[in-house]
Amino acid sequence: MTFVTSTIVPAATGEVNVKKDKNKNYVINLTVQNLAEPNNLNPSKNTYLVWMESTENSAKKLGQIMPNGKSLKATLTTSVINEPKAVFITAEDNAEVQYPAGQVILTTRR
């Protein structure tokens with residue numbers, strides 16, 4: 001899956017690779033580049049959270065990412081039981097939110 005170009009952070013690019021492991025879990029490897037620091041957004045935010053949608057549930061939080069280095073790169077690797085149908089990144093005020101409340105920055109949804 002690749003991310004659709006963002007209207008909020010147009011330079012941000014990335015991809016999501018999903019594979020099944022020997023335990024029949026789905027391993028998600030996410031990589032993004034040129035993701036602006038969340039405090040540079042308008043309005044300013046504190047963090048980016050990665051979410052997935054599957055056929056089994058609504059949005060499930062996968063984790064937090066923070067861009068770093070010259071290429072503003074961020075990565076996340078995690079495993080889930082249900083097959084992801086879409087993965088998206090939101091800018092949030094804090095990492096403790098239980099459902100996406102902030103702006104969607106990147107999404108694999110068409």
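Positions are given from 1, in the same order as the sequence printed here.
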Show every donor-acceptor pair shorter than 3.5 Å between a side-chain atom in residues 43-54 and any protein atom, with sequence neighbours excluded, or say none if there are none.
{"unit_1": "S44", "atom_1": "OG", "unit_2": "N39", "atom_2": "O", "d": "3.2"}
{"unit_1": "N46", "atom_1": "ND2", "unit_2": "D93", "atom_2": "O", "d": "2.6"}
{"unit_1": "Y48", "atom_1": "OH", "unit_2": "A36", "atom_2": "O", "d": "2.5"}
{"unit_1": "W51", "atom_1": "NE1", "unit_2": "T90", "atom_2": "OG1", "d": "2.8"}
{"unit_1": "E53", "atom_1": "OE2", "unit_2": "R109", "atom_2": "NH2", "d": "2.9"}
{"unit_1": "S54", "atom_1": "OG", "unit_2": "E56", "atom_2": "N", "d": "3.2"}
{"unit_1": "S54", "atom_1": "OG", "unit_2": "N57", "atom_2": "N", "d": "3.4"}
{"unit_1": "S54", "atom_1": "OG", "unit_2": "N57", "atom_2": "OD1", "d": "2.8"}

Enumerate donor-acceptor pairs with a distance under 3.5 Å from any side-chain N or O in residues 12-26 to protein atoms, sequence neighbours excluded.
{"unit_1": "T13", "atom_1": "OG1", "unit_2": "Q33", "atom_2": "NE2", "d": "3.3"}
{"unit_1": "D21", "atom_1": "OD1", "unit_2": "N23", "atom_2": "N", "d": "2.9"}
{"unit_1": "D21", "atom_1": "OD1", "unit_2": "K24", "atom_2": "N", "d": "3.1"}
{"unit_1": "D21", "atom_1": "OD1", "unit_2": "N25", "atom_2": "N", "d": "2.8"}

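There is no path of hydrophobic side-chain contacts, each under 4.5 Å, that joins L72 to L106. A single hydrophobic cluster is seen to contain both L30 and V80, as judged by linkage of ILVMFWY side chains at heavy-atom distances under 4.5 Å, directly or through other members. Hydrophobic clustering, with ILVMFWY side chains joined whenever heavy atoms are under 4.5 angstrom apart, groups V97 together with V104. Hydrophobic clustering keeps V32 apart from F88 (ILVMFWY residues linked when any side-chain heavy atoms are closer than 4.5 Å, directly or through intermediates).
Between the side chain of T108 and the main chain of A86, no donor-acceptor pair closer than 3.5 Å is present.
The local environment of CD1 in I81 is sparse, with at most 12 non-hydrogen atoms from other residues, nucleotides or ligands closer than 6.0 Å.
Counting heavy atoms from C-beta on, the side chains of N29 and T75 never come closer than 4.5 Å. Residues L76 and I28 form no side-chain contact, since every pair of their non-hydrogen atoms from C-beta on lies 4.5 Å or further apart.
Expressed to the nearest 0.5 Å, how far CD1 of I105 lies from CD1 of I89 amounts to 8.5 Å.
Counting all heavy atoms, side chain and backbone alike, A95 lies closest to Q64 at CB-OE1, 2.7 Å. When all heavy atoms of T5 and P10 are compared, the closest pair comes out as CG2-O, 3.8 Å. The shortest heavy-atom contact between E92 and A101 is OE2-N, 3.1 Å. Residues V87 and M1 come closest through the heavy atom pair CG2-CE, 4.2 Å.
Sorted pairs that involve residues 59-80 and meet salt bridge (Lys or Arg N to Asp or Glu O under 4.0 Å), not counting sequence neighbours, are lacking altogether.
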